[in-house]
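Scroll down for the structure; my scribbles are underneath it.
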Amino acid sequence: MGALAARERERAGTKNEFYYDLAARIRAQLPGAEVHVWSETAGSSVPEDFDGFRARNITVHLDTDIVETWSHMAQSQVLVMAKSSFSFISAILNRGCVVYQPWLTRPIRSFTATTLHDRTMPTIAEEKLSACLAKAGPSTA
């Protein structure tokens, strides 16, 4: 199960701490959840930039084939979107829990939107997260 999927996260402007916190909160409600993050090293990123994810037992996938990445993200039981059209494509196809961060596009009704108090550090209320995670189905634990 891919519990966290985000690509182009730094370019989109969301701090890693948002993803770290949300991964911990997801794992608290779905013990044993596998957490994955997808990104790329093009531009200024290097593999060491993702050590914070690795330190939290999050599997990092870098520079993965685009179609393979979309497939994993679209089929994940919980998809935490980055603020990118890349994530949006997978989210449209995803039937599980999709956590949306406000940006240029409007969320689809089935998405669970975060609240944007600070443009780099969105938040999501625990009851909203719980309701979203309930869409992930019983096979997640």
Side-chain angles (χ1 to χ4, degrees), residues 1-108 110-141:
M1 165 188 64
L4 175 89
R7 187 167 176 124
E8 302 174 11
R9 53 170 188 66
E10 282 302 317
R11 260 184 268 145
T14 302
K15 293 180 181 178
N16 287 345
E17 288 73 13
F18 166 74
Y19 297 107
Y20 300 158
D21 175 67
L22 196 50
R25 291 172 60 197
I26 290 168
R27 283 179 167 155
Q29 293 192 42
L30 302 175
E34 294 178 23
V35 181
H36 298 257
V37 65
W38 281 266
S39 193
E40 56 189 4
T41 57
S44 61
S45 292
V46 295
E48 293 77 25
D49 291 342
F50 301 89
D51 286 347
F53 290 97
R54 291 181 191 96
R56 289 163 177 82
N57 195 30
I58 296 172
T59 304
V60 176
H61 305 270
L62 298 176
D63 305 316
T64 308
D65 175 76
I66 290 172
V67 174
E68 180 183 343
T69 303
W70 274 331
S71 176
H72 283 286
M73 292 170 66
Q75 294 178 61
S76 65
Q77 291 171 309
V78 180
L79 173 61
V80 178
M81 295 174 59
K83 292 184 241 176
S84 70
S85 55
F86 191 93
S87 291
F88 198 81
I89 291 168
S90 298
I92 290 170
L93 300 172
N94 189 295
R95 301 226 183 256
C97 169
V98 175
V99 177
Y100 167 87
Q101 297 179 59
W103 69 294
L104 299 175
T105 64
R106 293 182 186 178
I108 292 175
S110 63
F111 293 176
T112 299
T114 59
T115 303
L116 198 57
H117 295 293
D118 171 335
R119 77 176 187 84
T120 62
M121 202 60 179
T123 60
I124 184 168
E126 202 64 28
E127 57 275 359
K128 282 179 73 174
L129 179 59
S130 294
C132 185
L133 294 177
K135 297 177 192 177
S139 63
T140 59

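Numbers for residues simply follow the sequence, beginning at 1.
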For the residue pair [X] and [Y], what are the closest heavy atoms and their distance?
X	Y	result
Ser87	Ala82	OG-N, 3.2 Å
Val35	Ala23	CG1-CB, 4.1 Å
Pro122	Gln101	CG-OE1, 3.4 Å
Cys132	Val99	SG-CG2, 4.3 Å
Lys135	Ser110	NZ-O, 2.8 Å
Leu79	Ser90	CD2-C, 4.0 Å

Interatomic spacing from [atom1] in [X] to [atom2] in [Y] - rounded to 0.5 Å:
X	Y	atom1	atom2	value
Leu22	Ile124	CG	CD1	6.5 Å
Glu17	Thr14	CD	OG1	11.0 Å
Leu129	Thr123	CG	OG1	11.5 Å
Phe50	His61	CZ	NE2	12.0 Å

Atom CZ of residue position Arg54 - does it have more than 12 heavy atoms of other residues, nucleotides or ligands inside 6.0 Å? yes
Hey, does [Y] have a side-chain heavy atom less than 4.5 Å from the side chain of [X]?
X	Y	value
Leu30	Gln77	no
Ile26	Val80	yes
Ser39	Val60	no
Thr105	Tyr100	yes
Ile58	Tyr19	no
Met81	Val98	yes

Donor-acceptor pair, [X] side chain versus [Y] backbone, under 3.5 Å?
X	Y	value
Lys128	Thr114	no
Asn94	Met73	yes
Trp70	Asp65	no
Ser71	Val67	no

For the pair Thr59 and Glu34, evaluate side chain to side chain donor-acceptor pair (under 3.5 Å) and give the outcome as yes or no after the intermediate values. CA-CA 8 Å; Thr59 304; Glu34 294 178 23; over 6 Å; no
